[in-house]
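Below, read A as the first sequence line, B as the second, and so on, with proteins coming before strands; counting in each chain starts at 1.
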Amino acid sequence: MTHAAPPAGSKFPVRFSRPAVISTMTLSETLPRAELIMAASCPTIERWKEHLDGGLAPQVHDEMTLHLDQCADCQRTLEHIAAGGDSLLDVARQVGQATEACAGHDSPLPPSLPQQTQAEATAAPDDDLAFLAPATRPGALGRLAHYQALAVVGKGGFGIVLKAFDDKLHRVVAIKVLSPSLAASGTARRRFVREAQAAAAVKNEHVVAIYNVEDEAQPPTWSWNSSTASRCKTSSTRLAH
Amino acid sequence: MSDASGTRASLLLRIRDATDQNAWRDFAALYAPLVQRFGRRAGLQDADAHDLTQQVLQAVSTAIHRLEYDPTKGSFRGWLYGVARRQLYKLREREGRQPRGSGDTDANLRLNELPAPDADDSDWWEAEYKKQRFLWATERVRGDFQPASWQAFWLTAVEGQSAAAVASMLGISVGAVYTAKSRVLDRIKQEIAALLDT
Ligand SMILES: [Zn+2]
């Protein structure tokens, strides 16, 4: 395992000179023995834990990330620390395989609204809403099929949740739109539609009703009644003006 | 999803509190899809599996006050598995007594011919619960991450794509993919640990 030496004269912020065999005291419970032996130049387990927590200075963080680019051992070490062993990673893959199997009802996600952090709210680019057609209703942000988008109520890694007026049914609904950047991915698309179908199948007083699943829309869209959407903190102020 | 970690630990206690609206929502988000899939696996049509899920949730809400929350006496999901099986049995019995209209004869026949769930199904239930718990936890932490971090996690850890492919798709470095993936995994691990149901 090799990695680039620090530039001569620069102050290297990460201590890469720990002994090759790291203390087993804190590690033996979570990591197999083979993981304990690391190259002398790699950051310590403690360092990786700090990296996970995000508590390192930006420069150190960048050095650690750079090291991860090239060091397969540390990639594996970091994953293991994060997952607390192999089982969580195994479950993640089982979920992925069930989703890919396209069995129709495997691995539905509950119909919950993606929440948005303040950081995301300010970082979201305006072209997130570029898929909307011009609004045909005063005050609307834009139009998607027969939905007039009124506000953005949430944003997640896979989609955007809009408060919208349904022109066909004449009521306010929440619609979840698959992130345009993922709409071209067959896997993401199938999963998105399946989630909606599964959510629609599990109707009860604690789960909101799904009105509609539209795979044909570009991007795919599903909607449900807006009583839950209104409980979400709105994060549309920036987008509204 | 912004519960303090202290209250998160006691989901099963929280649903006893009739005023805690979020408790039932969290609870149903975790267990309803599991019961729905159990019903589908037992051969029920969507609508019947939906009925089953309703019955099971109803049974839980009736019984929850009598339940002792003592993990040493068995897991909650083990108890719920028993409830789901009993409700499935009841559903079949009811279907048997009250045949549907003639249009549904085929579906009705199928329903009555289904074998009772056998003992092997508890392994299925356990594995399915772990997948569902993972999905539930991912939903709860998703909002804490930037979209690119979330996608880096999902595409590698769940979909099994290579870090290099995901890095070039998202326009970030391989190291950033591993960092994002690991941070999300770490949060999911904590969310699951807080359930105290292992
Ligand atoms: Zn290394």
Which of Leu66(A), Asp53(A), Leu52(A) touches chain B most, by non-hydrogen pairs under 4.5 Å: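 Most pairs with chain B among the choices: Leu52(A).
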When Asp186(B), Val174(B), Val35(B), Leu34(B) are compared by non-hydrogen pairs under 4.5 Å with chain A, the top option: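 The candidate making the most pairs under 4.5 Å is Asp186(B).
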Interchain contact, Lys181(B) with chain A, by part (heavy-atom threshold 4.5 Å):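 Just its side chain gets close to chain A.
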Ring geometry between Phe38(B) and Tyr81(B) (parallel below 30°, tilted from 30 to 60°, perpendicular above 60°):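 Ring orientation of Tyr81(B) relative to Phe38(B): perpendicular.
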Distance-only donor-acceptor check, side chains His67(A) and Glu63(A), under 3.5 Å: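 Note: His67(A) and Glu63(A) side chains miss the donor-acceptor criterion.
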Residues that Gln87(B) engages under side chain to side chain donor-acceptor pair (under 3.5 Å), provided they are two or more places apart: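 By the side chain to side chain donor-acceptor pair (under 3.5 Å) rule, Gln87(B) matches no residue at all.
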Close side-chain approach of Val60(A) and Met64(A), heavy atoms under 4.5 Å: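 Sidechains of Met64(A) and Val60(A): in contact.
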